[in-house]
Participant: 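Before we start, here is the structure in question, set down as structure tokens.
Computed from a prediction, not measured in an experiment: that's the story for all the values here. Along the sequence shown, residues carry numbers from 1.
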Amino acid sequence: MRDYRHLTSEEIQVLENNSCWAEDWQRVKVAEEFSPYNFHRVIFYGDIRLGVFEKQVEVSKGFVKHSGINDATLRNVTVGDNCLIEKVGNFINNYTIGDDCYISNISTMETTEGASFGEGHLISVLNEMGDGNVVLFHDLNSQLAAFMVKYFKDKQLKDSIMRLINEEIRFTQPDRGTIGNGVKIINSKEITNTVIKEDCEINGAARLCDCTILSSKDDSVYIGTGVICENSIISNGCSITNSVKMQDCFVGEACQITNGFTAEASVFFANSFMANGEACAAFCGPFSASHHKSSLLIGGEFSFYNAGSNTNFSNHAYKMGPMHYGVLERGTKTASGAYVLMPAKIGAFSVCFGKLMNHPDMRCLPFAYLLAYGETMYIVPGRNITTVGLYRDIKKWPKRDKRAASSRKSIINFDWLSPFTVGEIVEGKKILENLRQAGGNNVSSYNFQEYIINASSLKKGIKYYDIALRIYMGAVLKRAVKGNWLGKSVGEIGLGQWNDLSGLLLPASEEQRLLEDIKNGSVESIHEVLSRFDEINDHYREYQWTWTYQLILDYYGLEEIDEAAIQRIREDYVKARRAWIAEIRKDAEKEFAMGDVDQDVFDDFISKLDHEIDYEE
């Protein structure tokens with residue numbers, strides 16, 4: 001705690017000569033080195049604490065003013081060192097302001113009784129009329145939010161997690177609103193019951209009420225003109241601009257929300273981009289994007305996903321150009337658990353990954369296209385494995401992670417082939433082989449649920465799934481050989497089903513173990529829960545090897561992986577990779593022939609494909 005002293009009579013005289021007034025000068029205390037000369041037309045009520053004001057403050061590029069307080073009314077306020085506060089139209093009440101802040105041309109900033117700062121609110125996502133299933137608080141990440149959504153129907157678990165979060169909030173929540181060091185707040189109207197961390201800039205906001213803004217020096221937050229934000233939490237590196245309206249929301253690291261977007265009872269995580277449209281009860285996991293005025297994200301769970309306009313939920317048929325946003329949809333889920341089919345530009349297509357049209361068996365045909373001709377629906381299994389779009393997605397997503405290293409709360413695993421996806425590929429291949437065996441080789445098409453798979457598509461689907469399997473097994477085995485894992489015993493954790501917990505790929509057994517540990521009280525804080533997610537992610541390669549080791553034995557019919565098996569798997573890996581690149585090249589040439597791609601873009605893409613041979617060793 002800093003030591004403060006009373007003002008001297010001479011200092012009070014200087015202040016009064018500068019048209020300053022205090023309800024009680026004895027309740028105005030200052031730092032030892034305080035100087036009163038940079039205060040003009042200031043009114044003090046209640047308990048006031050003032051630091052030193054000896055430096056210049058840059059108010060615009062190349063334009064500096066001396067720190068101080070001018071034209072303001074303060075009540076129960078602490079101001080740190082070298083701040084400039086001026087043109088406060090109404091008052092600042094019950095606030096603690098850090099060092100080196102610039103606050104100008106605002107109306108009201110205050111903390112009122114019962115302030116929550118946006119923490120502890122229970123909202124309902126996926127089902128806007130349902131029971132609450134996500135608790136908003138400062139350390140929420142996509143894994144914990146997904147875990148809550150998945151299991152909050154379990155009352156014992158819900159009560160346990162809510163207790164842990166409420167304990168964290170109670171230990172960390174300030175008794176009044178705080179402004180961190182280096183904050184800039186200008187041309188804004190109302191800031192009520194809001195905690196603003198370091199180096200945040202707020203310029204032209206209309207209303208911030210019961211919010212926490214988690215800014216930092218290396219990952220700052222910007223809030224711009226016309227923004228209204230209530231009962232929400234905004235994480236490091238975010239930009240909220242251009243008349244966004246947000247209520248009961250959580251915005252994760254490095255998200256951008258702009259251009260009149262409105263959101264209610266929704267969560268957005270890690271690098272999501274939202275503009276023009278609307279979200280209600282939406283779970284937007286990492287790299288979710290929506291750009292169009294007519295887009296409404298409601299009651300769905302999304303990640304690595306780009307929403308199109310209105311009924312055109314496009315993932316962009318053009319794929320080599322710079323505007324492609326990708327078709328690697330790891331999650332597009334509704335409240336019922338059904339994964340949604342989104343029509344796009346050419347007839348209708350989507351990556352069929354997960355349950356489609358409420359058919360659980362459909363989750364076993366991953367990386368498929370769904371085509372509509374009239375009322376007839378066709379599945380093209382595995383087709384997306386060999387597209388330009390998927391290849392670009394694999395390369396681009398890690399590069400688009402804009403989060404600072406110090407503020408990466410949500411875990412994102414960028415592996416496109418993992419026990420999670422490859423497990424689905426294995427099941428998809430079995431389904432196609434069973435269809436072929438049941439229908440024979442001399443038919444033109446096969447029926448699967450209410451869908452049709454052409455015989456040529458089925459044959460290619462098996463081929464594409466095999467290519468992916470051999471690429472995956474070869475890549476993991478190569479890593480195991482380099483890491484000298486082959487001579488070590490293989491554990492049990494990793495066997496069986498794997499899940500995607502909004503960016504974290506993990507064995508279902510570990511997810512269930514965490515569930516039981518929370519319920520039985522073995523986990524004593526919410527940070528232990530978050531640490532468990534990190535721990536699981538840290539062991540990803542180990543668990544992956546356990547799962548893949550068994551896959552290799554099953555696929556090749558082996559008892560053990562000896563040198564002969566290693567050589568065979570490596571040869572299959574190289575052949576599969578080259579076949580994969582050849583198919584992607586065909587897709588690129590087809591797109592170029594359509595005339596939609598410039599020559600230099602095409603040449604650059606082909607050059608990248610030519611260098612893929614460098615990754616075989």
Participant: Say whether His527 and Asp139, considering side chains only, have a donor N or O and an acceptor N or O under 3.5 Å apart.
Facilitator: yes

Participant: Could you tell me whether Asp81 and Lys55 make a salt bridge, using a distance below 4.0 angstrom between a side-chain N and a carboxylate O?
Facilitator: no

Participant: Would you tell me whether His40 and Ser19 have side-chain atoms, one donor and one acceptor, within less than 3.5 Å of each other?
Facilitator: no

Participant: Out of Ile179, Val77, Thr194, Ile196, which one pairs with Met109 under the side-chain contact (heavy atoms from CB on, under 4.5 Å) rule?
Facilitator: Ile179

Participant: Classify the ring geometry of Phe39 against Phe44: parallel below 30°, tilted from 30° to 60°, perpendicular beyond 60°.
Facilitator: tilted

Participant: Would you say the side-chain atoms of Asn76 and Tyr95 include a donor-acceptor pair closer than 3.5 Å?
Facilitator: no

Participant: In terms of relative ring orientation, are Phe269 and Phe250 parallel, tilted or perpendicular, with 30° and 60° separating the classes?
Facilitator: tilted

Participant: Can Ser406 and Asp218 be counted as having a side-chain donor-acceptor contact under 3.5 angstrom?
Facilitator: yes

Participant: Can you find a side-chain donor-acceptor pair between Thr96 and Thr178 that sits under 3.5 Å?
Facilitator: no

Participant: Is there a side-chain contact between Tyr222 and Ile202 (heavy atoms, below 4.5 Å)?
Facilitator: no

Participant: Are Glu511 and Tyr151 linked by a side-chain donor-acceptor pair shorter than 3.5 Å?
Facilitator: yes

Participant: Are Arg176 and Thr78 linked by a side-chain donor-acceptor pair shorter than 3.5 Å?
Facilitator: yes

